[in-house]
Number of protein chains: 2
Amino acid sequence: MSRSTAWDHPCTSLFTDHYELTMLQAALHSGAAHRRSVFEAFARRLPDGRRYGIVAGTGRLLEGIQNFRFGEDELAFLERNHVVNRETLDYLANYRFSGDVWGYPEGEAYFPHSPVLIVESTFAEACILETYILSVLNHDTAIASAASRMTSAAGGRPCIEMGSRRTHEESATAAARAAVIAGFGSTSNLEAGRRFGLKTVGTAAHSFTLLHDSERDAFAAQIEAFGPETTLLVDTYDVETAVRTAVELAGDKLGAVRLDSGDLVTQAQWVRELLDNLGNTGTRIVVTSDLDEYAIAALQSAPVDAYGVGTSLVTGSGAPTASMVYKLVSRSNDAGEFVPVAKAAKNKASVGGRKYALRKLNEHGTATQELVGIGHPPEDDGNDRQLLQQFIKNGELLPGWTGQEGVIRARERHDAAMAELPSVVRRLQRGEPAIPTVYEED
Amino acid sequence: MSRSTAWDHPCTSLFTDHYELTMLQAALHSGAAHRRSVFEAFARRLPDGRRYGIVAGTGRLLEGIQNFRFGEDELAFLERNHVVNRETLDYLANYRFSGDVWGYPEGEAYFPHSPVLIVESTFAEACILETYILSVLNHDTAIASAASRMTSAAGGRPCIEMGSRRTHEESATAAARAAVIAGFGSTSNLEAGRRFGLKTVGTAAHSFTLLHDSERDAFAAQIEAFGPETTLLVDTYDVETAVRTAVELAGDKLGAVRLDSGDLVTQAQWVRELLDNLGNTGTRIVVTSDLDEYAIAALQSAPVDAYGVGTSLVTGSGAPTASMVYKLVSRSNDAGEFVPVAKAAKNKASVGGRKYALRKLNEHGTATQELVGIGHPPEDDGNDRQLLQQFIKNGELLPGWTGQEGVIRARERHDAAMAELPSVVRRLQRGEPAIPTVYEED
């Protein structure tokens, strides 16, 4: 794994809504802050017409929870701005999450109402993590969910993440990580390479060609610097001329040509023919122009060797947030017994009680149902798969979920989860979730 | 301004696409890296049907450019992963931007092809800033552009930014800043409060009510902790019961009630009547349920006192990125003369040459045209307003653009820019840009 620098792991405690801390103050005042509580993160629905979603962000989140501490600077800010009172500041000064966290591991598929993350601790400890937990899960899950549809549409062809410039610089780094979890082969983002050990790739942009007195000069410079195996961008002026120049200069070892504009299907076809006629049967074609899962699907029959995906990946392809919420579903009463709780608010009602989840599989190992037990684990009939894993126990992070190891395992999990879902998940058309979420009857 | 901690200003140099550095290596090899170059950031179009956009991010960006340096950790990563060769690493070790930067200041309106940022330096220095510049501008501008439509729809009523949980934790902080530039009054995001000196607000969520044995207990605890002037969330169970309980406990000093579900127009009307009948004419009504600019407009005639906006703000209300690009438009030749350059790629052609921009105003001070000069400033007929400001001169950051001062000035500039635009910018319906962008004829 790449070496971590100090700011790879910033203090995360102020990535928090003001009201989390005022609630804490009022609950410390009433005494209810110390009631044992169970919070649950879930999505009421998938984005319009999507068949499934892919969980991501957990590894980042778990590291962030370890760094959710209030140091001198944070406390001074809260005091100076009268966010909370002295008693609350004293509580925050000693804050360290000491509870338990379970959830769907990264790379796992999820559906409406899947209990993606479950946090159990005192109300005080679990409540103030809300904003941070949702920020990480909502962003990374949105990206992984879009990325998964893209790698699915690409079949076995490699996808390259190159959307950094279209989103916030830190989102870009997290997006690259989420994309790789959902099957992307590499990223253009160097910080993601450093922080998460991802493979980074890249060669040149149009500006490099324009910088030189001619396209020929530019290609020659690039080939001298990186060898003939490099990828040359061939659409700055005239594509056919560029391809011929590229082959002339690099010979049959030319690694790839990149197309970044125009009708990619038609272009890929004649560029492939041209390359083959020139003897460059081993030169690959990379395409990169505003691709999304639909454009990738449309290129299935074109002779394309790799897809570079930018804007639509980092913006979740129409669904930039996973719309997860974090709800108190159970808490202890004065007698110390857990009581399920739920709000009744119109159009936003939720189901109280602690959740457990199982993916029901048929005799062929294909998923048929997301079975959720309320208050107790649903019965496993032998074929089924338990979905909740424990990430944090008594405040201690359990091994295997974070860092580069976490990403590698999540990527394998994504492959396995996709193989297990019914084939309808490969369809890009809008429709119902691939499997229904069912609450187990008592 | 809030005190900065070390990680408020991280090293920004790896928020960069791999290919920026390989281009650098090839250009160092060919010698073209040292050609003087002018890059321009602009958007080819506004998001579908939008009438205008609002520039944001420049203040963050200018600080980030000062921290765009390659330290030991960054260089070690690049070396270990064979991203670039020794000569390039040596260049990067001494990298410090020494050129000039001009642009549209934050809060300013922009249109298709407005030259939002202009960077002049050597190719080497200006090229490798590309990804970082676009990440910051594309994100923050997308948010400010959506925020501006919301504050416009809200008329004088205050808007509160509360979308942190729906986007990446760092995007959330930048989004709060962009929202305030475009007229939002406050944010829920504490880190944005600390980092940019923004006003933060918040009281309680549904979980606080559910934590207590009854809604009455919860309201009583909150009022004891924060006084009757607090805002009580009244839709956990039954709104009417909650409003009556709130008034009973807090009396006529009750600050506000918050509605977070249901039909807000109807509810706001009868809740207003109920409050008035109970003698609470001074108690305000805050609404917060999945609002966007259209919902805000629909609430114009409802007795609502403030809008809390979340998801749709931080996702740019359908346009999560501003789609800006960063193009080499001019560079020197071997004789040291500047030569305009542009790619001819299909559907992505750009206009070569350095740009200057003027907002043409009529005799009433209303904007009529975005006039762009190529290679020289367009003629000012006396009423017009120069749009480009210098931010960095010979690598030195000029004062007034960054920190809390930058935000305050940007907010004033947004107000002024909006007042100057034709009234069509107040319309939410899709249509053409409010003023045309015109290239001055030679």
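Order of the sequence lines fixes the chain letters, A, B, ..., with proteins taken first and strands second; residue numbering starts at 1 for each chain. Scope of the values below: all heavy atoms of this structure, side chains included, with no hydrogens, waters or symmetry mates.
Looking only at heavy-atom pairs under 4.5 Å with chain A, the residue among B:T209, B:T315, B:V329 that has the most is B:T315. Residue with the most contacts toward chain B among A:I143, A:T22, A:L134, A:L190: A:L190 (heavy-atom pairs, distance under 4.5 Å). In terms of heavy-atom pairs under 4.5 angstrom with chain A, the leader among B:S188, B:S330, B:A225 is B:S188. Options A:A175, A:A221, A:A32, A:A142 differ in how many heavy-atom pairs under 4.5 Å they form with chain B, and the most are formed by A:A32. If you tally non-hydrogen atom pairs under 4.5 Å between each of B:K199, B:E224, B:R35 and chain A, the highest count goes to B:R35. Your options are A:E20, A:M162, A:Q25, and the one with the most heavy-atom pairs under 4.5 Å with chain B is A:Q25.
Contact of A:V136 with chain B is made through backbone and side chain together, with heavy-atom distances under 4.5 Å. Only the side chain of A:T173 has a heavy atom closer than 4.5 Å to any heavy atom of chain B. Neither the backbone nor the side chain of A:Y326 has a heavy atom closer than 4.5 Å to any heavy atom of chain B. Only the side chain of A:D334 comes within less than 4.5 Å of a heavy atom in chain B; its backbone stays farther off. Interface remark: A:S323 contributes backbone atoms only to the contact with chain B (heavy atom separation under 4.5 Å). Residue contact with chain B, scored on non-hydrogen atoms closer than 4.5 Å, is absent for A:L137. Interface remark: A:A342 contributes backbone atoms only to the contact with chain B (heavy atom separation under 4.5 Å). In this structure, chain A has a heavy atom under 4.5 Å from the side chain of B:L21, while its backbone stays farther away. Heavy atoms of A:L78 lying under 4.5 Å from chain B belong exclusively to its side chain. Interface residue A:A205: backbone and side-chain heavy atoms are both found under 4.5 Å from chain B. Looking at A:H212, the atoms closer than 4.5 Å to chain B (heavy atoms on both sides) sit in the backbone and in the side chain alike.
For the side-chain hydrogen bond (donor to acceptor under 3.5 Å, both in side chains) with A:H18, the lone residue among B:T200, B:N189, B:T203 that qualifies is B:T200. Residue A:R165 is tested with B:N138, B:D17, B:T16 for a side-chain hydrogen bond (donor to acceptor under 3.5 Å, both in side chains); the sole match is B:D17.
Nearest heavy atom pair, residue A:H139 against residue B:T167, reads CB-C, 4.2 Å. Here the closest heavy-atom approach between residue A:F77 and residue B:G193 is recorded as CE1-C, 3.5 Å. Closest approach of A:V325 and B:R166 over heavy atoms only: CG1-NH2, 4.0 Å. Here the shortest heavy-atom pairing between B:S207 and A:F39 reads CB-CE2, 3.9 Å. The minimum heavy-atom distance linking B:R194 with A:D73 is given by the pair NH1-CB, 3.6 Å. Summarising the geometry of A:S164 relative to B:S135, their closest heavy-atom pair is O-OG, 2.7 Å, with the distance given to 0.1 Å.
Once rounded to the nearest 0.5 Å, the distance linking CZ of B:F226 with CE of A:M23 reads 10.0 Å. The NE2 atom of A:H34 sits 10.5 Å away from the CG atom of B:L211 when rounded to the nearest 0.5 Å. A distance of 13.0 Å separates OH of B:Y19 from OG1 of A:T231, quoted to the nearest 0.5 Å. The CD atom of A:E191 sits 12.5 Å away from the OG1 atom of B:T131 when rounded to the nearest 0.5 Å. The OG atom of B:S171 lies 8.0 Å from the CD atom of A:E169; values are rounded to the nearest 0.5 Å. A distance of 10.0 Å separates CG of B:L24 from CZ of A:F208, quoted to the nearest 0.5 Å.
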